[in-house]
Amino acid sequence: MDLRYSDEEEQFRSELRTWLSGVLPNLPPKPSSTDWPGRRAYDAQWQRLLFDAGYAGVDWPVEGGGRGASPIEQLIFKEECERVGAPYVGTGFVGLLHAGPTIIAEGTQAQRETYLAPILRGDDVWCQGFSEPSSGSDLASLRTKAVRDGDEYVINGSKIWTSHAEVADYCELLVRTGPDDSRHKGITWLIMPMKSPGIEIRPLKTIAGSTEFAELFLDDVRVPVANRVGDENDGWRVTMVTLSFERGTGFVGELLESMRILRSLTEFAKRNGSWGDPSIRRRVGTLTASFDALWALTKRNVSEAARNGVPGVGGVVFKLSFSEQGQALSELAMDLLDRAGLSASGLNGGDGLGDLPNAEYVDAWMKSISLTIAAGTSQVQRNIVAERVLGLPKEPK
Amino acid sequence: MDLRYSDEEEQFRSELRTWLSGVLPNLPPKPSSTDWPGRRAYDAQWQRLLFDAGYAGVDWPVEGGGRGASPIEQLIFKEECERVGAPYVGTGFVGLLHAGPTIIAEGTQAQRETYLAPILRGDDVWCQGFSEPSSGSDLASLRTKAVRDGDEYVINGSKIWTSHAEVADYCELLVRTGPDDSRHKGITWLIMPMKSPGIEIRPLKTIAGSTEFAELFLDDVRVPVANRVGDENDGWRVTMVTLSFERGTGFVGELLESMRILRSLTEFAKRNGSWGDPSIRRRVGTLTASFDALWALTKRNVSEAARNGVPGVGGVVFKLSFSEQGQALSELAMDLLDRAGLSASGLNGGDGLGDLPNAEYVDAWMKSISLTIAAGTSQVQRNIVAERVLGLPKEPK
Amino acid sequence: MDFELSQDQRDLQDGIRAVLEGSLSLETSRGREGRDDVVDPKGWTALLDAGVFGLFVPESEGGVGLGLAEGVLVAEEMGRVLVPGPVLSTMALAPILDAARDGIAHGLFEAPARGATAPGLVEHPDSIHALVLLPPLEDPVTEPTLIEHGDLRYSQVLEPLDPFTPLGVLQEPYPVGVSLEGTSSPQLRQRAMVLTAGFQVGIATACVEQATAYAKGREQFGRPIGSFQAIKHLLADALCRSELARSAVYAAAVTLDDPVVATREADTLGCSVTQLQWRVVAGAKILADEAAITNARTAIQVHGGMGFTWEVPMHLFLKRARVLSSTFGTRSQLADMVAALI
Amino acid sequence: MDFELSQDQRDLQDGIRAVLEGSLSLETSRGREGRDDVVDPKGWTALLDAGVFGLFVPESEGGVGLGLAEGVLVAEEMGRVLVPGPVLSTMALAPILDAARDGIAHGLFEAPARGATAPGLVEHPDSIHALVLLPPLEDPVTEPTLIEHGDLRYSQVLEPLDPFTPLGVLQEPYPVGVSLEGTSSPQLRQRAMVLTAGFQVGIATACVEQATAYAKGREQFGRPIGSFQAIKHLLADALCRSELARSAVYAAAVTLDDPVVATREADTLGCSVTQLQWRVVAGAKILADEAAITNARTAIQVHGGMGFTWEVPMHLFLKRARVLSSTFGTRSQLADMVAALI
């Protein structure tokens, strides 16, 4: 139970801080959230800066071209970047956090040589084609079909919740190669170039009005068999291997961001007078305690990953708890905004203290609604805790 | 949507009020909660007074010797009795609210003649032998076995949650007469005299430290076949028939009692200074709104019963909602008591304003814990709402 | 006492539902999503023809001559399909303003409480003929004032939370309007609150119904998701919320309609009729707001990822529920009010 | 940084667990339920022999020389079996009082906040050798005072909520005690808070474990009740509460133990070390209190009717959780404290 960082860890932090403080002031302004080519260029530039400084793929193993940092260093990296507001991984998300590590672990030598370096340098953008309209919580029921035709697979079907599809070069795609009812046993993991003919991209508007996601419609898309990662019908295992790369740092950005919002909310409450209401203060106090605890839990998870390679029980506990606290935070924000929460664009509060923070909070509120849905609904997560951690019996089918 | 009472209903109320105001001042003091013979005598006296005034079995049909009051009059009866603090039905509970109506509906003429009048007069006390240690939510799995031996059933097994067993004359008993796995189809409803040899009564202490309940151990208890209500193996239907007598007034006493406690809590909060805390005031305000709504829902349920004979959807909605609100009320009481909530006996608050109400509130808090368990756990109730009201599919078995 | 709907009330409910299905279904309304003028003239005319705006106007004056009990039934039906436009304010103002009873759209605006820092947001600024300004809650004496649309100065809000509720920020100082002599501000406010609560009950109910239907049809893990207890219990709790809120709203409406009921109930509780009225109205809106917001959240959760898309209308229920819960008192403010009355 | 337990800490945990299983199992303790003296002398001696009371005493003074990180592990194990008696106060006082480190029972009592109307309830009045009185929270300067048992005037409480926590009502005015010169009241209070929070985490954990075991074994409707999602999800949420609280309690303990950690964290948050300490300690106790109370409620619910019986020990967990949540700040008071620090 040691929360002191070692000298090496402190040095890693200090070098990173120095580098960040030098590089951040020279970044160009962030593009608008709807300017996809601009976002891609911005993210690529940042990734290139990281690459040149030796921070690209900080969590990737050295043999994959990454830095091979320890879980503790990964935590430090995310913490420091978040505290100074460094750019997020952005459009590099799928390549850096998901497809890249999968190819390192399961790809052929040729695949590694082809795909890894461009991801690290920020040259290639990847997207994910896992979920389908009829396969959400139950991913193993996916139906997008791939039929072998010589050296190619011919793919038909549709995918949903695909981020950055508009600007992606490749898609990590799960397809059904086994019989319709083969479930986990008939899935294959493919690298699909996004310039392949037959791909239609339709933006998917969320309740926040944004189009972070898209639907993919695949009509006789041909993908070379050489683009298969792992064996045919072994894609489920390949996907699970990727999940095992989680080192307990998955939500560090979101957590520190929530803590920042809570601080700014507190300031807002003090400005607008609602700080005089003890029930508001108590909600702030309790949320502060919860986020502090989630930060402590993160350190436990990372420590366990450092010891055993995976974060253990704490990962799913974190997800469930953070989803609830994140929603509680955004409900508090909406209550504090009162009528000002009826607009997602800036409004002048008329309190002589400058603009209301309503646009930011309202947007955060809408997005927070997905916390208990995305990446595994809370209902599914509770089942996982109950069955895998507590050992309760499965339901009859 | 008419909340005015008719002239006849107003007259019923007014006569009842007059009678109550005459009779209540002359009642003897209530016996202690642990003095069972005293409680039986007290309750019997009150029942006799009701009987003589024509209010015994106010909800029983006239052909069973009751008053045959309408559901609205039943509501008025319960409301008026509660508002002036008239005695509860007490040890007469099972006979008047459960066994009696069952015998009226399903008993033979001889059974009606034997058992009904003594219940109405307060002469006989009944208890219930339904639940078993291994059959709680799943009553149809009950195991207490009755084997036919000539004109008698020979009964072995055990029952739990039996109220007033110590002073009861009869027990309405569910036994298994069919094969072990016959579930709903092998249950029989019997009248078991409590003086029968082979009955052992063991008081069951609750977490509130009281012994309102007992366990019954039945060892070769012999009950005449003539004491069977309904056919052999038809006891499940007999039991369900009894449930259909509910007219939506089942929780009137508890609800009005909760509203009274909320008022007294409010006064306490004003005395002890916590009324200055808006979060306390808001909890009181919200609970007031919820209890007012439950009272309105009661009127909807009773109105539906008056039209269609049964209260419909609202009954289970009431149970679920009231259980939650009742627990919220008692949590509020405990929070207001703070350290004084650590004792279930009287304490002087030292505020110069008399004794703290802690004993009453602490007791109410402990009892409120059973609200989401007794008479169907909230989990089972939610299943009922989902499947029977919303029509959602049953789970696989 | 018979707190079930009368046959006339059931007929009214069926009639309004048929009108809405015909002219103002949610699918129809979605065609005008996000417009500054969300009011479909054909739909509005259908409401006028159905007598919605004359509902509270005496028959002797050409109205329908019904009360709030019927008003909440109409509001509830409108809530179920999220009828857009200043319909509740126009209904509430109809007994006072001739124009409103003829279906000419009017807005209702609460003066912010003293010390409030939120901007003065007026709903449907482009669609209303005039705005009636209610004095702050703490002032029960001053009469409401009417400001003609031409006298209003406002800036359009670019991204209103609810695409069915365009907003403008009123510029201060607000124009001085014409006092509506003889009109009781508290009575008008209570009428608006109860109608709003009725609309919220409609939202809460629609959310249960639509999420239930989805849960029956959507299959995951080889079975309808509605066969999982986690989903069942979410929906059962949602139903409890809407039924409890409905009871409170109906009781509030009847209590405002019927002085005999109000007097008897005030007598039982040992308070004045005025206190009782505020208590039941505020209580009803607390429960209705809570039911609408929470059931909409539940409906989104039951819909899973699809619930988070713009296409599935669940978010529109949530957004409207938020809009309505911020008018005529938030849950916290109303809980304060109830507490102050006991 | 390695926030997992060290091997020494795991050994300590195992060792204490073995001692408790041997001498102070819940079954053993239940034999003394409701007694004015709930402390079993044999069990107490086992704690003393295991080094519990000397845990925080430097090795140079004959103690074990460990910190709060180890203290919360011990408290947690004691919470799991509801060790009765003034064990936390005696542990917390051991670094200050020679007698306490020798296992002579001492009580700790907070002077009520100004204006409080609750009676002054002292725990285990018959079992303690002396009572240490902490000044109210708002006074960080005054040192604690020690009152010998013989000077205490109290009346026994007839029905304490928790049968393992006998209570007395102190008669006012409280006797003037001997000032414990050089002792920091805030430090003592924080130590007691963290130990209390550790005990609560033990309660929260035991409730999950015992309810889970029951849910696996109890069958209804032909299957273990633990196979129903309703039960699974109650227990999953309970586990989340205890794990989150555990993280907070461990972090608070380490922050109090290690000034390097405290300084760095205070620096990151932009507050003083003192502010940071109060923040983490209060936050940990909020979550631990909440986890203990709510998990005990969950455990009762999962046990169904049996959970409502005296025989099944779930109610003892709930009652003790209530007792501990009322000491050294309730959740509301601590939330106020955290809010005041940011």
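By convention in this document, chain letters (A, B, ...) are assigned in the order of the sequence lines, proteins followed by strands, and residues within each chain are numbered from 1. This is a predicted model, so every value here is computed, not measured.
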From the list C/Val208, C/Thr212, C/Val280, C/Leu341, the residue making the most non-hydrogen contacts under 4.5 Å with chain B is C/Thr212

Okay, C/Ile286 and chain B: the region with an atom under 4.5 Å from a heavy atom over there is side chain

Honestly, the part of B/Arg283 sitting under 4.5 Å from a heavy atom of chain C is neither

If one checks every heavy atom of B/Leu390 against chain C at 4.5 Å, the contacting part turns out to be both

- Looking only at side chains, do B/Ser378 and B/Thr372 share a donor and an acceptor under 3.5 Å apart? no

Whatever's closer than 4.5 Å to a heavy atom in chain C on B/Glu395 counts as both

With a 6.0 Å cut-off (strictly less than), is the heavy-atom count around CD of C/Glu209, excluding the residue itself, greater than 12? yes

Whatever's closer than 4.5 Å to a heavy atom in chain C on B/Ser279 counts as neither

Most heavy-atom pairs under 4.5 Å with chain B, out of C/Ala248, C/Gly226, C/Ala253, belong to C/Gly226

- Does one side chain, of B/Ser274 or B/Asn272, offer a donor that lies under 3.5 Å from an acceptor on the other? yes

Bottom line for C/Glu265: the part with an atom under 4.5 Å from chain B's heavy atoms is side chain

Cut-off 4.5 Å, heavy atoms of chain B, and the answer for C/Asp258 is side chain

**Q.** Atom CZ of B/Arg388: over 12 foreign heavy atoms under 6.0 Å
**A.** no

Shortest non-hydrogen pair, C/Val249 vs C/Ala197, comes out as CG2-CB, 3.7 Å

Whatever's closer than 4.5 Å to a heavy atom in chain C on B/Ile280 counts as neither

By residue number, those in residues 227-246 of chain C with heavy atoms under 4.5 Å from heavy atoms of chain B are C/Ser227, C/Gln229, C/Lys232, C/His233, C/Leu235, C/Ala236, C/Asp237, C/Leu239, C/Cys240, C/Glu243, C/Leu244, C/Arg246

Over 60° means perpendicular and under 30° means parallel, so classify the ring planes of C/Tyr214 and C/His303, tilted if in between. parallel

Heavy atoms of C/Ala292 and C/Ile203 approach each other most closely as CB-CG2, 4.0 Å

Honestly, the part of B/Arg307 sitting under 4.5 Å from a heavy atom of chain C is side chain

Honestly, the part of B/Gln379 sitting under 4.5 Å from a heavy atom of chain C is both

Bottom line for C/Leu334: the part with an atom under 4.5 Å from chain B's heavy atoms is neither

Under 4.5 Å to a heavy atom of chain C? For B/Glu10 that would be side chain

The interface call for B/Leu320 against chain C, heavy-atom contacts under 4.5 Å, is side chain

Under 4.5 Å to a heavy atom of chain C? For B/Asn383 that would be both

The interface call for B/Thr266 against chain C, heavy-atom contacts under 4.5 Å, is side chain

Is there a donor-acceptor pair under 3.5 Å between the side chain of C/Lys285 and the backbone N or O of C/Thr327?
yes

The interface call for C/Arg331 against chain B, heavy-atom contacts under 4.5 Å, is neither

